[in-house]
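Structure first, then comments.
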Amino acid sequence: MRNYSLIPLKVGDNIFTDRTPPTFKPIPVFMYYIEGPKDKVLIDTGKAPVHHPSLEALMARRDPDMPEKTRGTWQQVVDGLAKVNVKPKDIDIVIITHAHAGHLGYVSEFRNAHFVIQKAELDFALNPLPPVRLFFNPDNVKKLAKHPRLQVIDGDFEIVPGVKLLKSPGHTPGLQTVAVETSEGVIVYASDLVYSYHELYPAHDELGVPRIHTHYLPPPFYISLGDLFKSYDRITAITRKIVPAHDEHIVEGQRIPPLPLVLPPK
Amino acid sequence: MRKYELVPIQIAENHMPKAVLTRNIDDDVMIHFPICIYYIRGPKENIIIDSGKIDRWPAYLEEAVRYMYPDRQFKPRGETVRGSWPAVLEGLGKLGLTPEDIDIVLVSHIHHEHMGYVKEYPNARFIIQKDDVEYGLNPLPYHRDVFLPEKIWELQRHPGLEVIDGDREIVPGVAVMKCPGHTPGLQAVLIETAEGVAVYGSDLINMYHNIFPNDPELGTPQPYTDFIPPWYMTDLEDCYRSFHKMRDAGDYIIPGHEPRMLVGMGNIGKIPPRPYVPKNEKRRKGRAR
């Protein structure tokens with residue numbers, strides 16, 4: 001077992017629709033630096049600087065300042081990486097968990113990186129179903145598809161020793177979660193398969209409206225509910241140590257492990 | 001073309017964020033919308049679509065709703081968010097019918113508000129998709145809160161149960177069409193009417209905004225898509241394919257919970273002779289009028 005750490009680097013804010021009842025609320029957006037391996041590995045690349053116009057309209061309806069507040073900037077990515085003393089050009093490997101605009105913010109700006117994405121994800125992102133088009137930034141997806149150092153994989157893949165990509169569809173058709181060997185065993189960064197701790201602890205009333213009928217809450221956007229449960233049950237069979245994508249308990253710059261929040265089952 | 005008439009009977013009403021009907025769109029707008037059963041007025045058999053809503057919510061759902069709206073006590077407008085058998089009786093009575101007269105119940109899907117009563121229709125054939133029965137008995141955990149297993153068990157004991165798989169003509173001029181996505185076995189109902197073939201979209205098409213996403217009168221315009229899925233959904237791709245299947249099969253689509261069709265509990269509603277045509281859709285050739 002290797003001794004890697006995951007370091008969350010905040011790259012902006014986003015809004016999402018909570019489930020019960022459906023309401024917009026602000027959430028943090030992170031990218032993760034994996035500390036330890038020989039190669040410098042980054043998970044996701046920040047938030048795209050432009051919103052889909054329809055998403056922008058939806059946000060502006062609620063709060064006119066929201067589109068501006070939630071726009072990603074390259075500077076946030078640079079500043080984030082500076083916290084771990086890394087420059088964007090030093091990054092060797094970028095893992096794209098999925099191609100939504102909040103996770104695939106920048107491509108060519110990482111001048112020496114090699115990108116990894118699932119085939120199902122790239123195919124879908126190049127031609128998304130109309131109802132979910134607004135979550136993608138077509139320019140970034142095209143740039144990624146043409147990238148000379150793009151590796152398109154299909155299924156699980158150990159990208160460096162001790163860091164394994166797990167194909168975990170449901171939220172999008174080719175989302176991949178990242179299983180990292182740490183001093184506390186395997187920890188999975190679940191990306192948007194698990195938005196927040198409420199998904200992991202649906203019955204805890206301090207995390208949201210308590211739901212006792214399910215062991216897992218799906219993210220507010222998804223493609224296939226069946227796939228979500230399959231993917232979730234699969235990663236929880238590997239480990240119960242899961243890091244959600246957009247939870248407020250996650251502290252920028254604070255190494256994982258230890259896990260930011262562990263609640264007893266209710 | 002046989003001429004059936006589709007008569008909505010409002011048997012309950014709900015009050016929720018619009019985003020429940022149009023997935024993620026307009027979460028800040030609370031709307032009242034009707035829950036209806038439909039009587040298909042025709043020459044021979046008495047056919048209804050869906051069977052009504054019982055006077056309580058599935059326990060898991062009730063708990064969550066109570067938590068979310070502690071002050072509302074399920075009474076945004078009296079008791080109308082709950083269903084009731086008297087409302088069904090009253091509505092059928094206004095058409096000169098009793099539940100015993102019903103020959104066929106087409107269950108569009110078995111969410112609690114669409115199949116609340118079973119043995120109350122002793123003489124009816126209940127026609128339902130196999131995938132919906134299976135899913136209703138063993139749903140993905142997140143969807144456990146919208147089913148009433150006891151009603152599905154009751155259905156399984158009903159002598160009139162007919163489980164089908166796929167598209168089927170029920171009587172000449174009335175057919176069901178399997179349209180998964182909202183649930184794995186939702187069935188739309190095709191009815192030959194004076195205005196063309198009507199497609200009852202049930203909860204795959206909750207309201208007109210789902211199928212006319214770019215009309216500003218219906219909700220925040222969504223110009224990037226021709227379809228907004230419902231909140232409750234098992235599969236987006238199925239939803240999208242099913243919407244196109246409905247659009248191609250019929251001349252117009254009737255949504256399951258269109259707020260403009262509110263008439264009050266136990267009352268007979270009306271579908272406009274040609275359902276609402278949004279201005280920007282008028283020039284579309286022949287489809288989804």
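To find a chain, count down the sequence lines: A is the first, B the second, and so on, and within it residues start at 1.
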What part of B/Tyr224 gets closer than 4.5 Å to chain A, counting heavy atoms only: side chain, backbone, both or neither? both
Just by distance, no angles: are the side chains of A/Asn137 and A/His51 close enough, under 3.5 Å, to form a donor-acceptor pair? no
Nearest 0.5 Å please: distance from the CG atom of B/Leu21 over to the CH2 atom of B/Trp231. 12.0 Å
Tell me the residues of residues 121-129 of chain A whose non-hydrogen atoms fall below 4.5 Å from those of chain B, in number order. A/Leu129
Is it the case that A/Asp192 and A/His103 place a side-chain donor and acceptor less than 3.5 Å from each other? yes
No-hydrogen, no-angle side-chain donor-acceptor test under 3.5 Å, B/His257 and B/Asp203: yes
List in chain and number order the residues that pass side-chain hydrogen bond (donor to acceptor under 3.5 Å, both in side chains) with B/Thr22, two or more places apart in sequence or in another chain; answer none if no residue qualifies. B/Lys18
Could you check whether B/Thr225 and B/Gln222, counting side-chain N and O atoms only, form a donor-acceptor pair closer than 3.5 Å? no
For the residue pair B/Tyr240 / B/Asp226, report whether a side-chain donor-acceptor contact shorter than 3.5 Å exists. yes
Short side-chain donor-acceptor distance under 3.5 Å, A/Ser231 and A/Ser168: no
Counting heavy-atom pairs under 4.5 Å with chain B, which one of A/Pro202, A/Pro53, A/Ser54 comes out on top? A/Ser54
Only pairs of heavy atoms separated by less than 4.5 Å count here; which of A/Gly226, A/Ala57, A/Pro173, A/Pro131 has the most with chain B? A/Pro131
In residues 108-118 of chain B, which residues are in contact with chain A at a heavy-atom separation under 4.5 Å? none
Given the options A/Asp227, A/Leu228, A/Val132, A/Leu225, which has more heavy-atom pairs under 4.5 Å with chain B than any of the others? A/Leu225
Counting only heavy atoms closer than 4.5 Å, note whether B/Asp238 contacts chain A via side chain, backbone, both or neither. neither
Does the distance from a Lys or Arg side-chain N to an Asp or Glu carboxylate O, for A/Asp13 and A/Lys47, drop under 4.0 Å? no
B/Glu13 with B/Lys53: basic N within carboxylate O range, under 4.0 Å: no
Going by the side-chain hydrogen bond (donor to acceptor under 3.5 Å, both in side chains) test, which pairs reach into residues 128-141 of chain B, not counting sequence neighbours? B/Gln129-B/Gln187, B/Asp131-B/Lys178, B/Asp132-B/Thr183, B/Tyr135-B/His143
Do A/Thr214 and B/Arg144 meet the criterion of a side-chain donor-acceptor pair at a distance under 3.5 Å? no
